[in-house]
Structure formats: C-alpha cells, structure tokens
There are 2 protein chains.
Amino acid sequence: MDAMDRKILTELQMDGRLTITELAARVKLSVSPCHRRLRDLERSGAIRGYRAVVDPSALGLDFEALVFVTLGWEDRDTVASFEEAVAAVPHVLQAQRLFGDPDYLLRVAAADLTAFQQLYDQQLARLPGVQRLNSTLVMKNVVANRPLPD
Amino acid sequence: MDAMDRKILTELQMDGRLTITELAARVKLSVSPCHRRLRDLERSGAIRGYRAVVDPSALGLDFEALVFVTLGWEDRDTVASFEEAVAAVPHVLQAQRLFGDPDYLLRVAAADLTAFQQLYDQQLARLPGVQRLNSTLVMKNVVANRPLPD
DNA sequence: GCTGAAAGACGGACGTC
DNA sequence: GACGTCCGTCTTTCAGC
C-alpha cells in the first residue's frame with residue numbers, strides 16, 4: 001500500500017467504472033503495472049467491490065431519519081439477535097453500534113412520513129431486545145458518503 | 001421508472017461493474033433494450049455515478065466517530081458558511097442537517113484516537129458558527145451503506 | 001512495456017408484438 | 001413504444017512474453 005495504490009483507490013472512489021487505460025493515464029502509470037496493482041487491491045480486499053450510486057428520490061425515497069436505539073439488556077444473545085434482525089430490514093441503510101448510550105444509531109430511508117411511521121411502529125419497535133427508540137428527521141444531506149481521505 | 005428499471009438499479013447497486021451482457025442476463029432482458037435503459041437511467045440522474053468501495057482499514061482509518069454539532073445561531077449566513085467549511089474537511093465522510101437539536105450530525109474517520117483528537121480540536125471545533133460539539137465513538141458497523149430498497 | 005486473441009461496448013437498422 | 005435480433009466497428013481486458 002504505497003502512494004500509487006492510494007492514488008488508484010482515490011480515482012476509483014470517484015469513478016468506479018474507469019477503464020484500466022483511463023486509470024493508468026490518471027495515475028501516470030502504464031497499463032500493465034496498473035492492471036496488476038488493481039488486481040492485487042481487489043484480491044487483498046482493499047477494494048471491497050463496486051457500486052452504482054442511486055438517487056433515492058428516483059426510487060421515491062424522499063424521507064430519511066436517524067433512529068437511536070437503546071437495548072434493554074447488553075448480554076451477548078440480545079446484541080446478536082438484535083443485530084441480525086436489524087440487518088434484515090431493507091430500509092435500514094446503515095446501523096452502527098456505539099460506545100455509551102444509546103446503543104445503536106440507524107439511518108433509515110422511507111417514501112414519506114406515513115411510511116416511516118409504519119416502519120417505525122411495525123418493524124423497528126419490534127426488533128428483539130429494544131427498550132427505547134428515539135428518532136430525528138434529516139433535513140438535508142450536506143455531505144453524502146464522501147470518498148475516504150488519504 | 002418501472003419494475004425493470006428498479007431491477008437494473010438493484011443489480012448495479014450490488015455490482016457496479018456488471019457488463020451490459022451480464023446485467024441483461026440477470027434482469028432477463030436482451031442486450032439492446034438493457035443498454036438503452038441503462039443509458040436513460042444515467043442521463044436522467046437516477047444513477048449518480050459509480051464508486052469503488054474501499055476498506056477503511058486498508059488506508060489505516062480504523063477509527064470512526066459521530067460528532068453532533070450545535071450552532072450558535074441559526075441565521076442563513078451561519079448555516080451556509082458552516083456547511084461550506086464542513087464539506088471541505090476530508091475526514092468528514094458524511095454530514096447531515098437535522099431537525100431539532102443538535103443541528104448537524106457528522107460521521108468522521110481517523111487513523112486512531114490521537115488523530116481524531118487533533119481533528120476534533122483543530123478542525124471541527126474551529127468550524128465557523130459552532131457553539132458546541134458532542135461526540136460518540138463507533139464500536140462496530142453492523143450495516144454499512146446497504147443498497148436502497150425497492 | 002509490448003503484443004495478440006477474446007470479449008465487451010455502443011450505435012444503427014429493421015421486424016414484431 | 002418497447003422488445004428482440006441481427007450487424008458493424010472500436011475499445012478494453014488480460015495472459016504470456
């Protein structure tokens with residue numbers, strides 16, 4: 001993982017569909033070594049994959065909220081079954097376990113306020129081990145998932 | 001935006017480097033119409049772009065925190081200059097303006113606790129208009145940026 | 001770094017439902 | 001109007017040297 005590898009990662013985070021030819025030109029390398037580096041980055045797991053970035057509003061998901069979760073207990077089984085269950089809810093785009101209180105932060109997408117309310121009552125509130133939920137609406141995404149810095 | 005378009009978006013969110021041939025096979029369409037749909041989805045902005053997903057630890061970024069920001073004032077200039085300044089900090093991966101209090105949530109990456117402390121004191125605390133910061137460490141990413149649901 | 005064979009991208013034309 | 005099946009050419013990939 002030298003400076004050249006980092007340049008490659010930076011370029012591919014900005015455009016994941018760069019051809020090797022283009023990528024090589026941007027990082028000022030010729031095609032073969034660039035191709036080898038890319039293969040190694042993919043095999044080592046430094047590049048986990050490639051994703052299309054989709055506009056949520058194109059799918060009618062214009063509503064986003066944060067949900068803070070406090071579990072009733074902190075034993076291993078409660079944590080494991082909560083995490084498994086939360087990962088199975090498609091509208092939960094992101095879930096992080098935190099130090100301190102609350103235990104989890106979820107980032108949730110929904111079509112509108114009504115859909116969110118249903119999701120909240122019927123799915124999130126029923127996740128195993130949940131003691132308390134607390135949610136906040138997102139007004140605006142100021143910075144959306146920026147590429148990692150060097 | 002019909003069911004076929006949604007299938008295409010779903011596939012490309014799972015693998016953004018699918019060839020048209022592969023994509024067409026997965027959504028059970030022949031290559032030409034699949035190609036046309038993809039072009040239209042890109043032109044309409046439903047697909048914003050493509051990104052490589054990079055493992056943060058490959059870049060030595062093993063530390064992640066949430067930072068809640070409360071501004072001192074809520075006037076338009078304060079908000080605008082804060083948002084501009086926060087977008088210029090590379091370690092801020094995500095920033096959302098919230099309803100209620102606090103005003104913003106930032107998701108921040110750093111190499112370790114020391115690096116985070118420096119970032120916190122020297123950059124985040126000095127952002128224009130900030131009255132108060134409050135941060136929480138991320139223990140684990142349970143769900144990391146899942147594709148959007150249908 | 002170069003080469004060559006195989007695969008894919010991309011646009012067009014045309015017939016069908 | 002959208003799909004499917006040809007077609008052509010150009011570009012890209014990727015292994016071997």
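Just the heavy atoms: all of them, side chains too, but no hydrogens, waters or symmetry mates, feed the values below. Chain naming here is simple, since letters A, B, ... match the order of the sequence lines and numbering starts at 1 in each.
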- Message: I need the NZ-C1' distance between B/K7 and D/dA2, as an integer number of Å.
- Response: 16 Å
- Task: Just do the side-chain hydrogen bond (donor to acceptor under 3.5 Å, both in side chains) check on A/N145 and B/Q94 with the steps written out, would you?
- Result: CA-CA 5 Å; A/N145 228 313; B/Q94 207 172 9; 5.5 Å; no
- Query: Can you tell me if A/S81 uses its side chain to pair, donor with acceptor, with the backbone of A/D77 under 3.5 Å?
  - Reply: yes
- Task: Please state how far atom CZ in A/R36 lies from atom C1' in D/dT13, giving the value in whole angstrom units.
- Result: 14 Å
- Just how far, in rounded Å, is P of D/dA2 from CG of B/D2? 9 Å
- Query: Rounded to whole angstrom units, what separation is found between the CD atom of A/E42 and the P atom of D/dC14?
  - Reply: 8 Å
- Which nucleotide in D/dT13, D/dG4, C/dG11 has an atom nearest any side-chain atom of B/H35: C/dG11
- Message: Distance alone, cut at 3.5 Å: any donor-acceptor contact between the side chains of B/E42 and B/Y50?
- Response: yes
- Query: Side-chain N or O of B/R37 less than 4.0 angstrom from OP1 or OP2 on D/dC3?
  - Reply: yes
- Message: Please report the distance, rounded to the nearest Å, between CG in B/L29 and P in C/dC17.
- Response: 18 Å
- Query: A/I20 CD1 to C/dA7 C1': how many Å, rounded?
  - Reply: 14 Å
- Message: Return whichever of B/V31 or A/R39 has its heavy-atom-nearest nucleotide of DNA chain D closer to the 5' end.
- Response: B/V31
- Query: What about A/S32, does its side chain sit under 3.5 Å from the base of C/dC2 through a donor-acceptor pair?
  - Reply: yes
- Query: On DNA chain C, nearest-nucleotide positions of A/P33 versus A/R17: which is more 5'?
  - Reply: A/P33
- Task: In whole angstrom, give the distance that lies between atom CD of B/E22 and atom P of C/dA7.
- Result: 14 Å
- Message: Measuring only between side-chain heavy atoms, which start at C-beta, is A/N141 closer than 4.5 Å to B/Q96?
- Response: yes
- Message: Please confirm whether the shortest side-chain N or O distance from B/T21 to OP1 or OP2 of C/dA9 is below 4.0 Å.
- Response: yes
